[in-house]
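Order of the sequence lines sets the chain letters (A, B, ...), proteins ahead of strands, with each chain counted from 1. Predicted model only: the values in this text are computed from it and were never measured. The figures that follow rest on heavy atoms only: side chains count, while hydrogens, waters and symmetry mates do not.
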Amino acid sequence: MIYKLLEVIDQKFGLERARAHCDIPCGIYDPITAQIAALTVVRMIDLMADLESKGGEKTMAYFNSLSRYISVKEEHAEKAKAEIRVIWGDFLKAQHLEKHPETHALVHQIMQLGSKVRQTTDREAALQFVEAINKFAEIFWDAKGIAVKRAKAPYAPNLELVYPNL
Amino acid sequence: MFRILKISGDSLTPEYRNGDFVLVSKIPFLLRPVRAGDIVAFRQPGYGLLIKMVERLAPQGGGVFVVGTQPDSVDSRVFGEISPRQIVGKVIWHIKDRIA
């Protein structure tokens with residue numbers, strides 16, 4: 001009876017939820033999404049620089065292209081940050097962090113660099129963003145017990161990425 | 001002082017089930033501090049208001065290690081110890097839609 005009464009109150013006023021949260025263990029994690037997103041940030045900065053270097057009149061087409069590059073840079077910087085947060089928070093467990101005690105500082109650095117590359121067009125910061133995520137990828141694949149290799153991405157800006165050596 | 005919450009999720013099953021109500025309060029902590037076995041509601045950045053069971057207290061620093069009863073529970077095994085300051089209250093009444 002008390003339960004039924006509370007149900008009515010909940011339906012009318014909406015009681016606060018206390019989440020007894022479980023994660024659905026889909027097990028599908030891969031830092032490549034973050035790595036590609038970080039590469040995209042570098043690519044957008046390069047495209048912005050190319051556009052600027054052409055000089056000439058600032059036409060509607062110029063502003064249209066520039067705003068699109070900025071928009072994609074924003075989106076992919078945030079995407080990279082979100083992907084890293086999920087792997088860090090959901091996949092990595094205490095034993096992984098014990099083996100790689102630098103992980104927390106590295107994730108914090110990635111978050112900071114991700115914000116910096118949104119706020120600026122600093123290519124050097126974008127390169128650091130890619131490399132920090134590469135280091136995170138090395139930790140991730142080590143946690144999975146899979147060796148890695150470094151190879152240049154087969155598309156501009158052709159930066160070196162960490163890949164699982166499958 | 002008192003708060004009625006509705007449980008959402010299954011990490012404390014079979015005792016606490018999705019849809020159950022709980023009355024929580026901080027008053028019990030005036031009589032004795034939080035201890036292992038307490039069911040507590042707490043706020044966790046990124047996850048919001050959660051409810052878990054206290055498994056143990058850190059010998060130093062006052063950290064509280066909270067767990068669910070299910071293996072895929074998102075708890076201190078994922079986000080680490082919580083601070084006693086994050087605790088909203090201890091469950092003092094469990095109202096469930098079934099005969100115990």
Side-chain angles (χ1 to χ4, degrees), chain A residues 1-29 78-108 110-112 114-115 136 139-140 143-144, chain B residues 2-25 39-53 65-81 86-91 93-100:
Chain A
M1 177 165 169
I2 295 171
Y3 184 90
K4 296 289 178 201
L5 179 65
L6 287 171
E7 276 283 89
V8 172
I9 293 171
D10 181 44
Q11 283 167 15
K12 206 159 181 67
F13 301 106
L15 292 171
E16 194 172 6
R17 263 49 179 174
R19 298 174 68 198
H21 186 60
C22 279
D23 190 29
I24 299 170
C26 67
I28 301 174
Y29 300 100
E78 196 50 44
K79 184 177 182 179
K81 289 174 67 175
E83 291 286 335
I84 295 300
R85 280 197 298 267
V86 168
I87 294 175
W88 172 64
D90 292 357
F91 172 77
L92 292 176
K93 299 291 185 286
Q95 65 269 26
H96 307 136
L97 299 172
E98 280 168 20
K99 188 174 179 189
H100 295 284
E102 73 280 19
T103 307
H104 292 326
L106 178 62
V107 170
H108 185 252
I110 291 168
M111 297 302 119
Q112 298 278 301
S115 296
F136 185 86
I139 293 171
F140 171 83
K144 300 275 285 184
Chain B
F2 295 98
R3 198 184 290 245
I4 294 177
L5 305 170
K6 188 172 192 180
I7 293 177
S8 163
D10 298 310
S11 76
L12 284 172
T13 55
E15 182 55 27
Y16 292 81
R17 295 186 189 173
N18 185 51
D20 287 356
F21 293 97
V22 288
L23 179 68
V24 301
S25 173
I39 305 293
V40 293
F42 57 96
R43 294 198 186 278
Q44 177 65 17
Y47 291 101
L49 183 63
L50 298 180
I51 182 166
K52 302 286 173 186
M53 182 174 69
F65 198 90
V66 293
V67 295
T69 52
Q70 294 299 312
D72 57 347
S73 166
V74 174
D75 50 37
S76 287
R77 291 169 289 192
V78 173
F79 49 70
E81 293 171 351
Q86 291 171 250
I87 296 177
V88 170
K90 175 189 171 181
V91 172
W93 191 20
H94 179 195
I95 304 111
K96 41 193 169 183
D97 184 24
R98 57 193 183 276
I99 297 168

- request: Carefully, step by step, assess B:Leu5 and A:Leu15 under the rule side chain to side chain contact (heavy atoms under 4.5 Å, CB included).
  value: CA-CA 6 Å; B:Leu5 305 170; A:Leu15 292 171; over 6 Å; no

Heavy-atom pairs under 4.5 Å with chain A, option from B:Ser11, B:Gly80, B:Gly68 with the top count: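 Highest number of pairs under 4.5 Å: B:Ser11.
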
- request: Report the option among B:Leu12, B:Val88, B:Asp10 that has the most heavy-atom pairs separated by less than 4.5 Å from atoms of chain A.
  value: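 Of B:Leu12, B:Val88, B:Asp10, B:Asp10 has the most heavy-atom pairs under 4.5 Å with chain A.
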
Which pair of non-hydrogen atoms, one from [X] and one from [Y], has the smallest distance, and what is that distance?
| X | Y | result |
| --- | --- | --- |
| B:Ile7 | A:Ala20 | CG2-CB, 4.0 Å |
| A:Gly89 | B:Val78 | O-CG1, 2.6 Å |
| B:Ser8 | A:Arg17 | CB-CG, 3.8 Å |

task: Check A:Leu5, A:Asp10, A:Ile2, A:Ile9 against B:Phe21 for a side-chain contact (heavy atoms from CB on, under 4.5 Å) and give me the one that passes.
output: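 Result: among A:Leu5, A:Asp10, A:Ile2, A:Ile9, A:Asp10 is the only option passing the side-chain contact (heavy atoms from CB on, under 4.5 Å) with B:Phe21.
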
task: Drop me the distance from A:Glu16's CD to B:Leu49's CG, to the nearest 0.5 angstrom.
output: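 Nearest 0.5 Å value for the CD-CG distance: 4.5 Å.
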
field: Those residues that, when tested against A:Ser115, pass side chain to side chain contact (heavy atoms under 4.5 Å, CB included) (two or more places apart)
entry: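 Side chain to side chain contact (heavy atoms under 4.5 Å, CB included) check on A:Ser115 returns A:Lys81, A:Gln119.
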
B:Phe42 versus chain A, the contacting section by heavy-atom distance below 4.5 Å: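 Nothing of B:Phe42, per the 4.5 Å heavy-atom cut-off to chain A.
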
message: My understanding is that only residues two or more places apart in sequence, or in another chain, count here; which of them pass salt bridge (charged side-chain N to carboxylate O under 4.0 Å, His left out) with A:Glu7?
response: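 B:Lys6.
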
